[in-house]
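Remarks on the structure that follows.
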Amino acid sequence: MVEFQNTMDEAARTGRAWRVGVLFSQTGVTAAVERTQLQATLLAIEEINAAGGVLDLPLEPVLYDPQSNPKLFRTLAERLLVTDRVRLVFGCYMSSSRKAVLPVIEANRGLLFYPTLYEGFEYSRHCIYTGAAPNQNSLQLARFLFEHYGSRFLLVGSNYVYPYESNRVMSDLVRQNRGKILNEIYVPLAARPADFGRAIQEIKKHEPDVIFSTVVGKGTAAFYEAYRAAGFDPARRPIASLTTGEAEVAEMSSEAAEGHITAAPFFETLGTAAARRFVTAYKDRYGGDAPVPASAEAAYFQVHLAAAAIARAGSADPERVLPELSEIEFTAPQGRVRIDRENNHTYLWPRVARLDARGHFQIVWNPGLRVRPDPYCVVQTLDDWSSDGIASATAAASHAG
Ligand code: ACM
C-alpha cells in the first residue's frame, strides 16, 4: 500500500475507488508507442492495487481510445472531466494532442500527466511533464553527434508542431557549434516510403553528416527502410532522433535499424536493477517481444508519483495533489526522479544509444547525471545542462562510440 501521511478526505472515505482518466491511442498513426504508454499505465495501476491501493482504495482507470486524433483527444478529455467527473488524467503522445487537451483540463480544474518527450517552451499549472524537455535530450544528442559525426545536418520531420519546434532548438545548437542546416523537410503524418523520396534526394545532393529525424509513429519505419534501400551507410551518416524508440524500431527490419542513434532517459536495455525489474514485469504481463520505450517508462513512473501524491494529500483533488508532487522522489526504472515545483517538469537522466545488428539500443554515452528540467532553455549551451549535481554511482560517464 502507498504510505499515507495525511488524513483521508471525504471523497476517499465514501468512494469505492480513485477514478483516473487514461487517454492513449490504440489505433492511428502513433498507436504503437501509445499502446506501450497505455500498457505501462495499467501495469503501474495493477501494481499499486495489488499492494493495497492508495489509502486502502484501488485506482480505477477510465479509458478511451482517441485514435491519434487531436480533436477526439479533446472530446474524450471533456467526457472524462465533465461526464465521468475524473480530475486526474494520464495521457497524450503527440504535442498536437496535448495542446488540444490542455484547455479542457484547465477549464475543468483537472491535472494532466504527460509522459512524452516534447519541444519545450510550455508551462501549464494543470500539466505534469514527465518526458524529456530539450535540455534533457536534444542537447546531449547534439553534443554526441558533433563529436562523432559532424555538424552539417539535414532535418526531416512529420508535419505538425513538435517537429517544427524541436528542429528550431536543434538548429540553434547546430549554429552554436558553427555547423550548418542544409535543409528542412516535412512529410505527412501518415507518411509512406514514397513520401521520403525528396528527403532521399536531398541527402544524396547535400551529403550531410547527420540526418535529424523528427518523424513520429508509423512513418518512422518507412523512413528508415527507405534510407536503407537508398544504400546510405548509418555508420558514417546516421539518422539521429528523439522519437525513434523501441516501439518504432519494432516496426522496421533490424537491417534498417542498425547504426542509427537515439537520445532518451530510458532504454529497454538499461542494466540497472530498477530497469530490469520494470522490463521483466512489463514483458511478463504483455509478452516477451513487447517493446518497452522511454515513453512507456515515463507513463509507468508518473502513475507511481501520482499515487504517492494522492496518498500524501488524502485526496485526488489537483489543488491538493499538486503541492505534494514536488515533495516526492521516486526510484523510476531510469533512476531517481522528481518534479520541479517551479515548472512542473521532471528531473531526468539523459542517455544516448545506438541500434545494434539485432535492432537493440546499446548505450554509447551515459553521462550518469540527473538533469534539472529547463523547458524554456534558459541555459542553452552544449556544456551546461543544468545538472542538479546528482550523479549515479553505477552509471559512470563513458564514451563507447
Ligand atoms: C511529441 O509530439 N511530443 C513527440
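In listed order, ligands and their atoms are each counted from 1.
With Y286 as the aromatic partner, R35 does not meet the cation-pi criteria of under 6.0 angstrom to the ring centre and within 45 degrees of the ring axis. A cation-pi contact links R79 to Y64, judged by a cut-off of 6.0 Å to the six-membered ring centre and 45° from its axis.
Checking only distances, S95 does come within under 3.5 Å of ligand 1, N or O to N or O.
Using a 4.5 Å heavy-atom threshold, the side chains of E47 and H304 count as touching.
Listed for the N137 side chain is no donor-acceptor partner under 3.5 Å among the backbone atoms of A263. Looking at D233, its side chain does come within 3.5 Å of a backbone N or O of A235 through a donor-acceptor pair.
Distance from atom 2 (O) of ligand 1 to its nearest protein heavy atom, with residue and atom name: Y160 OH, 2.5 Å.
The contact set between ligand 1 and Y114, taken as ligand atoms under 4.0 Å from a residue heavy atom, comprises 3 (N). Of all atoms in ligand 1, numbered sequentially from 1 with element shown, those under 4.0 Å from a heavy atom of L117 are 1 (C), 3 (N), 4 (C). Against a heavy-atom cut-off of under 4.0 Å, Y118 is close to the following atoms of ligand 1: 3 (N).
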